[in-house]
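What follows is one structure encoded as structure tokens, with my remarks underneath.
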Amino acid sequence: MQTSSLSARDLDVIWHPYTQMQTAPAPIGIVRGQGALLFDEQNNAYLDATSSWWVNIHGHAHPHIAQQLAAQALQLEHCIFAGYTHPPAVNLAERLLKILPDNQRRVFYSDNGSTAIEVALKMAIQYWDNKGIRKQKILAFKNAYHGDTFGAMSVSGRSVFTRVFDDLLFDVHFIDVPTADNISQIINTIATLQPEDIAAFVFEPLLQGSGGMIMYEALAFEQLLQYCAGQQILLIADEVMTGFGRTGKNFAMEYVHTQPDMICLSKGLTGGSMALGVTTSTAAVYEAFLSNDKLKTLFHGHSFTANPLACTAALASLDLFTDPACAANRERIHEKHAAFLQELQQVTVIKNPRLLGTILAFEIVTDNADGYTNALADHLHRFFREKRIMLRPLGNTLYILPPYCITNEQLDQVYNSIRELIPTL
Ligand SMILES: *Cc1c(COP(=O)(O)O)cnc(C)c1O
């Protein structure tokens, strides 16, 4: 029988993500979740105001997802996905294609957001190779974040996260996010980069998450997409974080008319309950791989491709997501956020408060703005940890990105904690 606490045992054996293990406070042991709350060993409640790294949408340990998962585990837990198929994979593909932009025709499964990006990049480059056209350059936004594997890191902005590996990452053309003012300049820049060599443009539509919850305009974005499409540059929409209602619409690409050639999904796909990635493609992309020549095959797969449990969790999450009650919750959160946004606009230490769908973000004005590693971030971490509100600032950017089941009272609790923070800044 173990008597010492979870966090003490953890410190002996675990290496945590994005954590300086020497200086980080001991992790809090979480043993149970319900709705927007997580509970530690002493039964203290923590309010999950950032959806456990943006994955949770319906709340923790949701009974519908749990029951479907349990039933599937007794039916079929996993099976090889080359040469074999199963109901959860087919059902999920059918249901996803019904709600995605209507040019999407094929679903390729993988394990997480980074792998969904790797798959899209490989599809894009091989698409051109299969057509006998050599195009290998990729276009991406400055400050982009597409994941932590090497291909995904390559198409992400260079930062303290990638510094050690920068020489090993492949070359990418980075452009600014578009605004009404700079869009013609961006298009001129791409024109000088030999667009005929560019295989694909990969982007987080309307919202750069890890880059600091940077929001940009749909109109200029649309012009950029149209230009790229006109230059035969494949469009890869990374909806790993924007998908499943975060930005107000089901998918952020619904804010523009141009449809992407590929879409990457993960995070909210299973309601945040299991790891699963999806890369969808148009018929044109898919058909470029059809051949009697085996060399035109997409040689990519993972041991757990289309895991039936993960697909089942995604199907259960879709049941909840497509219920009108879910959209009503998102609308309710948006309205509450909008009222708090007005209040934030009056606060002098707060800069650029902004809102998209259920995501509220702002910067804290500070002299010490050296980004992710600064002392302000430590203060914010400590402040919210003591209040048992799970907010994890990105440098001096603070944001609220809650599961859609969060109650009005819980939202007020988050807002109140920010009200109390302001005098401490
Ligand atoms: C989180 C994220 C990824 C990477 O997903 P992982 O599942 O963490 O590998 C990719 N793109 C975007 C936009 C993300 O927010």
Side-chain angles (χ1 to χ4, degrees), residues 16-19 50-57 108-124 138-159 161-162 165 169 172 174 177 200-216 221 235-247 249 251-253 255 260 262-280 300 302 304-305 307 310-311 313-314 317 356-359 361 372 392-395 397 399-403:
H16 284 271
Y18 283 103
T19 303
T50 49
S51 300
S52 286
W53 260 347
W54 320 344
V55 301
N56 193 290
I57 60 177
F108 191 99
Y109 289 107
S110 64
D111 296 348
N112 55 60
S114 302
T115 57
I117 292 289
E118 299 288 342
V119 169
L121 294 172
K122 286 169 84 168
M123 276 181 184
I138 305 288
L139 191 66
F141 283 135
K142 292 173 187 165
N143 292 312
Y145 179 76
H146 298 291
D148 284 354
T149 53
F150 268 82
M153 259 200 299
S154 294
V155 296
S156 299
R158 303 294 180 262
S159 70
F161 300 150
T162 63
F165 315 106
L169 303 179
V172 169
F174 289 107
V177 290
F201 172 34
V202 56
F203 50 84
E204 294 158 272
L206 296 189
L207 174 72
Q208 295 186 290
S210 298
M213 295 296 156
I214 300 163
M215 299 174 189
Y216 61 93
F221 179 46
L235 303 175
I236 302 173
D238 178 353
E239 294 242 22
V240 167
M241 96 83 87
T242 52
F244 302 98
R246 288 287 180 204
T247 67
K249 309 231 186 223
F251 299 96
M253 287 305 286
Y255 283 99
M262 282 166 260
I263 301 177
C264 301
L265 302 171
S266 187
K267 294 207 164 103
L269 173 60
T270 61
S273 62
M274 295 199 61
L276 181 66
V278 149
T279 308
T280 65
H300 189 100
H302 298 275
F304 285 101
T305 296
N307 175 257
C311 291
S317 177
L356 183 64
T358 60
I359 303 166
Y372 200 84
R392 267 182 76 93
L394 297 158
T397 303
Y399 64 93
I400 312 172
L401 193 156

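Order of appearance sets the numbers: ligands from 1, and atoms from 1 within every ligand. The first residue in the sequence is number 1, and the count goes up from there.
Every N/O-N/O distance between W54 and ligand 1 stays at or above 3.5 Å. Between G113 and ligand 1, at least one pair of N/O atoms sits closer than 3.5 Å.
Within 4.0 Å of atom 6 (P) of ligand 1, at least one protein heavy atom is present.
Residue contacts with ligand 1: K267 is included, with a non-hydrogen atom under 4.0 Å away. Using a 4.0 Å heavy-atom cutoff, I117 is absent from the residues neighbouring ligand 1.
Aromatic ring centres of Y216 and F141 lie closer together than 6.0 Å. Outside the 6.0 Å centre-distance limit, the rings of Y255 and F221 are not counted as a close aromatic pair.
Going from atom NE2 of H146 over to atom CD of E204 covers 5.0 Å, rounded to the nearest 0.5 Å. L276 CG to F304 CZ: the interatomic distance, rounded to the nearest 0.5 Å, is 13.0 Å.
Closest to atom 9 (O) of ligand 1, if we only count protein heavy atoms, is S114 OG, 2.6 Å. Scanning the protein heavy atoms around atom 13 (C) of ligand 1, the nearest turns out to be D238 OD2, 3.2 Å.
In the vicinity of G147, heavy-atom distances shorter than 4.0 Å reach the ligand 1 atoms 4 (C), 10 (C). Per-residue contacts place E204 under 4.0 angstrom from the following atoms of ligand 1 (heavy atoms of the residue considered): 13 (C).
When the options V177, T242, D238 are evaluated for a side chain to side chain contact (heavy atoms under 4.5 Å, CB included) with Q208, the one that passes is V177. Tested against Y109 for a side chain to side chain contact (heavy atoms under 4.5 Å, CB included), the candidates T305, T279, N307 yield a single pass: T305.
Using a 4.5 Å heavy-atom cutoff, the side chains of R158 and F174 are in contact.
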